[in-house]
Amino acid sequence: GFCDSAEKGRETLPAVVPPAEQVFSQIMQLFETGGAQQAGNSTRAGLVRNLCMLFEAADCQWLFGSGCPKVLGDVVVALSDYAALAKQEADTGDPRSDAAYAAAADRTADVSLLFLSLLAKVEASKDAENLGIGAVRPFLGLVAGPIYIFAVTHGAEGPWSHPRTRSRAWELLNTLLQTVGCQSAAEFLRGQREEEEGWFAKVMQLLKPELKKETWKLSPATKYVFAWTLQQVTWPWLGPQLESVLPPSLLISDDYRVENKILGVQCLNHIILNVPAAELCQFNWAQVVYHALYNHLHTREAQLIQVVLPCLLDLLPVLERSPLQQRRKPRPPTPCDKVLQLVLTHMEAEHLLLLRRAYARNLPAFVERLGIRITRHLKRLERVIVGYLEVYDGPEETARLGILETLKCTIQHAWPRMACRLAVLLQALLRMVWDVAVDRSPTPEPVKAALLQGATECLILLDRCSEGQVKETLKAVLHPPLLPSSQYQSQSRSPHPADLEPCRRREWGSYRCLHTANKKQSRAFL
């Protein structure tokens, strides 16, 4: 048969050559129901290598004649399934052994070489006298999608791939792009022109059976292929495919594993940024995404919070109308108000530094988003600001820098409400400045300079919105007035009983107690 003739080298084929359709039909029978499966993997690996030599020695006219592209497409799909990992029986993590991964890597390497030989024949057929691009276009329409999925699957960095197979997989992807006339994977998926349909819809159609609720965990590479493919398609090409990409993204983000949640949220964020708001709101998709992201705010994983909060910030403009269009007075709470209320509740009681940094890093964006409406949250926001300024955050001081930026934005937007909070905020800022000035920890000098610069900017803003009260207070602290000796002696003999009485609402030294703050401030002036 064809295997014996291929093994003899690249000599001329026999005078009577069976049609390619008949040969590849027999190969399909061997792969699916023949003795190759019963004989073991070594026999099937030999069959793949012989098939690769057949592609190298075959004539282009024989390969891409009439009726052959359909059978060749079936062969490509069968070879992709042969190189794929075995399906997991249950959601038990990734229990495969190193031997199973090594065997899969060997199969992938052989199939990659075969696909490279096949694409080389396609490229040669474009310049053939009796073929041309029109003869191979139907074949490319059948095999471009499966070969793309195969290349991306084994090109991703994962336990199922090997450096050798990854390099061959990316070589295969580049060869495929060159064969179809595209410069990049994004151009391959979306099309070379805006009015031209790319391969994204066909790829998603092939991935659809693998992205169902019952099947998406059976292969560890499926979610990475979907996520990587989704990231390549941007506006305006992603909008028409919203119904095919949003359900898998929600499904992945709803998993119990943190890495799957992060991957799903990243996919949702890409969809929000690249799909028009009208299409997101058309079937209430935006509300579905909002509730899915809002539920993630109750997590204790800092990595997940770090991707959820920016995603919510990108989604909120889609959900909320412009404030100029809201004629109801008072304005009802918006989704941004609800999110910020929950975030401040978590921040106030949070003690883990990683979570405090994640919250503080994204808090200024919420203040900018709300604008003057931040006055609804000033009471709780003040407690969060003062509490975070008191705590050392490590060498990078991420939380303190984020809170200083938050305070700066709050003063700029809600400056009429700052005068009544001047005493508490001024005391917190001066304490932080003193802590930074006497700090002997390994905090870099640029970080200390950034803290002092942020505190200085906040003090300047507070002074402007309080009509110079900050300067007057600082003068009194730096140059306290001298008291007469008789008044000094009378005050030093016996303190007033009210001064010794602790606050009934809060303990001494609590920044939440205005009574305590006023007592300390008056004593500092003296």
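Every heavy atom of this structure was used, including side-chain atoms; hydrogens, water molecules and symmetry mates were not.
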Check: In Å and rounded to the nearest 0.5 Å, what is the OG1 to CZ distance from T179 to F139?
Finding: 10.0 Å
Notebook entry, point to check: So do the side chains of L47 and L51 get within less than 4.5 Å of each other, counting heavy atoms only?
Noted result: no
Notebook entry, point to check: Which of these, R164, R49, R168, sits in a salt bridge (charged side-chain N to carboxylate O under 4.0 Å, His left out) with D110?
Noted result: R49
Checklist line | side-chain contact (heavy atoms from CB on, under 4.5 Å) between S249 and L230, worked out | finding: CA-CA 10 Å; S249 301; L230 176 64; 4.1 Å; yes
Checklist line | Residues which pass side chain to side chain donor-acceptor pair (under 3.5 Å) with N260, listed by chain and number, not counting sequence neighbours | finding: K223, D255
Checklist line | N174 side chain to E171 backbone, donor-acceptor under 3.5 Å | finding: no
Checklist line | Any donor-acceptor pair under 3.5 Å from D254 side chain to L250 backbone | finding: no
Margin query: Are there over 12 heavy-atom neighbours, none belonging to E243, within less than 6.0 Å of that residue's CD?
Written below: no
Next item on the list: Report the distance from atom CD of E259 to atom NZ of K261, rounding to the nearest 0.5 Å.
Entry: 10.0 Å
Check: Shortest non-hydrogen contact from V258 to E301?
Finding: CG2-CG, 3.7 Å
Margin query: We want to know whether H413 and E368 form a side-chain donor-acceptor pair, criterion being a heavy-atom distance below 3.5 angstrom.
Written below: yes
Notebook entry, point to check: Any donor and acceptor pair, going by atom type alone, linking the side chain of R107 with main-chain N or O of Y82 inside 3.5 Å?
Noted result: yes
Notebook entry, point to check: Just by distance, do the side chain of N274 and the backbone of W235 share a donor-acceptor pair under 3.5 Å?
Noted result: yes
Margin query: Could you check whether any side-chain N or O of E123 sits under 3.5 Å from a backbone N or O of L119, counting only pairs where one atom can act as donor and the other as acceptor?
Written below: no
Quick one: side chains of residues 286-295, donor-acceptor pairs under 3.5 Å with protein atoms, not counting sequence neighbours, listed by atom name and distance.
residue : atom : partner : partner atom : Å
N295    : ND2  : H291    : O            : 3.1

Checklist line | OH on Y359 to CD1 on I305, rounded to 0.5 Å | finding: 4.0 Å
Margin query: Could you tell me if the side chain of R300 sits less than 4.5 Å from the side chain of L352, heavy atoms only?
Written below: yes
Next item on the list: For W199 and L189, indicate whether the former's side chain and the latter's backbone hold a donor-acceptor pair under 3.5 Å.
Entry: no
Item checked: Gap between atom NZ of K338 and atom CG of L316 - 0.5 Å precision -> 11.5 Å
Notebook entry, point to check: Does Y388 have R356 sitting over its ring (NZ/CZ under 6.0 Å from centre, angle to axis within 45°)?
Noted result: yes
Check: Do the side chain of E405 and the main chain of L401 share a donor and acceptor less than 3.5 angstrom apart?
Finding: no
Note to self: Tell me whether H296 contacts the main-chain N or O of V265 through its side chain, where contact means a donor paired with an acceptor under 3.5 Å.
What the structure shows: no
Next item on the list: Give a yes or no on whether a salt bridge exists between E397 and R357, defined as a side-chain N under 4.0 angstrom from a carboxylate O.
Entry: no
Notebook entry, point to check: Any side-chain donor-acceptor pair under 3.5 Å between H154 and T165?
Noted result: no
Next item on the list: Starting at CD1 of I149, measure out to NZ of K202 and round the result to the nearest 0.5 Å.
Entry: 12.5 Å
Next item on the list: Under the side-chain contact (heavy atoms from CB on, under 4.5 Å) rule, what do C52 and V48 come out as? Steps first, then yes or no, please.
Entry: CA-CA 6 Å; C52 181; V48 171; 5.7 Å; no
Note to self: Is the shortest side-chain heavy-atom distance between L370 and H377 below 4.5 Å?
What the structure shows: yes
Checklist line | Euclidean distance, L363 CG relative to L309 CG, rounded to 0.5 Å | finding: 9.5 Å
Note to self: Pair E197, R190 - check salt bridge (charged side-chain N to carboxylate O under 4.0 Å, His left out), show working.
What the structure shows: CA-CA 6 Å; E197 182 181 1; R190 67 174 185 245; over 6 Å; no
Check: Do the side-chain N and O atoms of T229 and Y148 include a donor-acceptor pair separated by under 3.5 angstrom?
Finding: yes
Note to self: Give me the atom names and distance for the closest heavy-atom approach of E56 to K121.
What the structure shows: O-NZ, 3.4 Å
Check: If we only count heavy atoms from C-beta on, is the L206 to P146 side-chain gap below 4.5 Å?
Finding: yes
Notebook entry, point to check: Is any side-chain heavy atom of L242 less than 4.5 Å from a side-chain heavy atom of I271?
Noted result: yes
Check: Closest approach of V111 and A83, non-hydrogen atoms and distance?
Finding: CG2-CB, 3.9 Å
Margin query: Please evaluate residues V343 and N362 with respect to the criterion side-chain contact (heavy atoms from CB on, under 4.5 Å), reporting the C-alpha separation (whole Å), side-chain torsions for both, the decisive distance (0.1 Å), and the verdict.
Written below: CA-CA 10 Å; V343 169; N362 294 278; over 6 Å; no
Notebook entry, point to check: So which heavy atom on F150 is nearest to which on S80, and how close?
Noted result: CB-OG, 4.2 Å
Check: Which heavy atom in M204 sits nearest to a heavy atom in L211, and how many Å separate them?
Finding: CE-CD1, 4.1 Å
Check: Does S117 use its side chain to pair, donor to acceptor, with the backbone of L113 at less than 3.5 Å?
Finding: yes
Notebook entry, point to check: Any idea which heavy atoms bring P240 and W237 closest together, and the distance?
Noted result: CD-O, 3.5 Å
Checklist line | Side chains of F188 and L173 in contact at under 4.5 Å (non-hydrogen atoms) | finding: no
Check: Is there a side-chain contact between L238 and H270, using heavy atoms and a 4.5 Å cut-off?
Finding: yes
Margin query: What verdict does the side-chain contact (heavy atoms from CB on, under 4.5 Å) test give for V143 and L72, after you've listed the backbone C-alpha separation in whole Å, the side-chain angles of each residue and the deciding distance to 0.1 Å?
Written below: CA-CA 8 Å; V143 304; L72 267 179; 5.6 Å; no
Next item on the list: For residues L313 and V339, determine if any side-chain heavy atom of one lies less than 4.5 Å from a side-chain heavy atom of the other.
Entry: no
Note to self: I'd like to know if the side chain of E396 and the backbone of T398 have a donor-acceptor N/O pair within less than 3.5 Å.
What the structure shows: no
